Amino acid sequence: PSYIEYHTAPNNVVLQIRFPEPEVFRTGKFEDFLLQDEAAVQKARKVPGGWKIYGEIPGRAVTGREGSLHGQQWEVSVSRYDYDSDGSPPVLSSTSPHQELSFHRRSEWRKVRFE
């Protein structure tokens with residue numbers, strides 16, 4: 001039931017958060033959920049027409065233990081919010097078919113299986 005969020009800003013500042021339960025971020029103190037996983041790699045860069053991002057997230061960062069992920073199935077959503085300085089609403093791009101501007105809608109995340 002827990003999940004992790006990795007946020008990468010355009011200046012490559014990374015925010016890592018672990019929520020022990022799906023709704024706990026509404027009731028807990030934000031500081032209690034912060035992570036610092038030096039093994040995670042995330043880089044963002046501006047390219048003509050948009051952005052490119054690269055990321056590596058070790059399995060132990062999500063599971064909390066060493067070992068193979070072979071055969072495991074996870075729910076995953078890789079999403080991006082694009083904001084414009086003109087005040088227009090943000091645009092959400094995602095690997096998931098979100099029906100509204102919210103990547104927290106776990107029922108819409110994609111399932112991936114590790115082989």
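This one's a predicted model, so the numbers in the text were calculated from it and none came from an experiment.
Atom CH2 of Trp74 sits about 8.0 Å away from atom CD1 of Ile4, to the nearest 0.5 Å. Rounded to the nearest 0.5 Å, atoms CD (Gln72) and CZ (Phe114) are 7.5 Å apart.
Counting only distance, with no hydrogens or angles, the side chain of Arg113 and the backbone of Gly71 share a donor-acceptor pair below 3.5 Å. Side-chain atoms of Ser96 never come within 3.5 Å of backbone atoms of His98 as a donor-acceptor pair (strictly under, hydrogens ignored). Judged by distance alone, with hydrogens and angles left aside, the side-chain atoms of Thr95 form a donor-acceptor pair with the main-chain N or O of Val78 at under 3.5 Å.
The shortest heavy-atom contact between Asn12 and Gln42 is OD1-O, 4.0 Å.
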Tell me, with the steps shown, if Arg105 and Glu100 meet side-chain contact (heavy atoms from CB on, under 4.5 Å).
-> CA-CA 9 Å; Arg105 296 166 54 93; Glu100 62 183 60; 3.0 Å; yes
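Two residues are said to be in side-chain contact when any heavy atoms from C-beta on lie closer than 4.5 Å; Glu108 and Gln99 meet this criterion. Contact check for Tyr6 versus Leu15: no side-chain heavy atoms found under the 4.5 Å cut-off. Contact annotation: the side chain of Phe33 approaches that of Ile17 to within less than 4.5 Å [non-hydrogen atoms, C-beta and beyond].
Val76 is connected to Val14 through a chain of hydrophobic side-chain contacts under 4.5 Å among Ile, Leu, Val, Met, Phe, Trp and Tyr, so both are in one cluster. When the side chains of ILVMFWY residues are joined at heavy-atom separations under 4.5 Å, either directly or via intervening members, Leu69 and Val112 end up in a single hydrophobic cluster.
Within a 6.0 Å sphere centred on NZ of Lys46, other residues, nucleotides and ligands contribute more than 12 heavy atoms.
A salt bridge is defined here as a Lys NZ or Arg NE, NH1 or NH2 lying under 4.0 Å from an Asp or Glu carboxylate O, and Glu75 with Arg110 fails to meet this definition.
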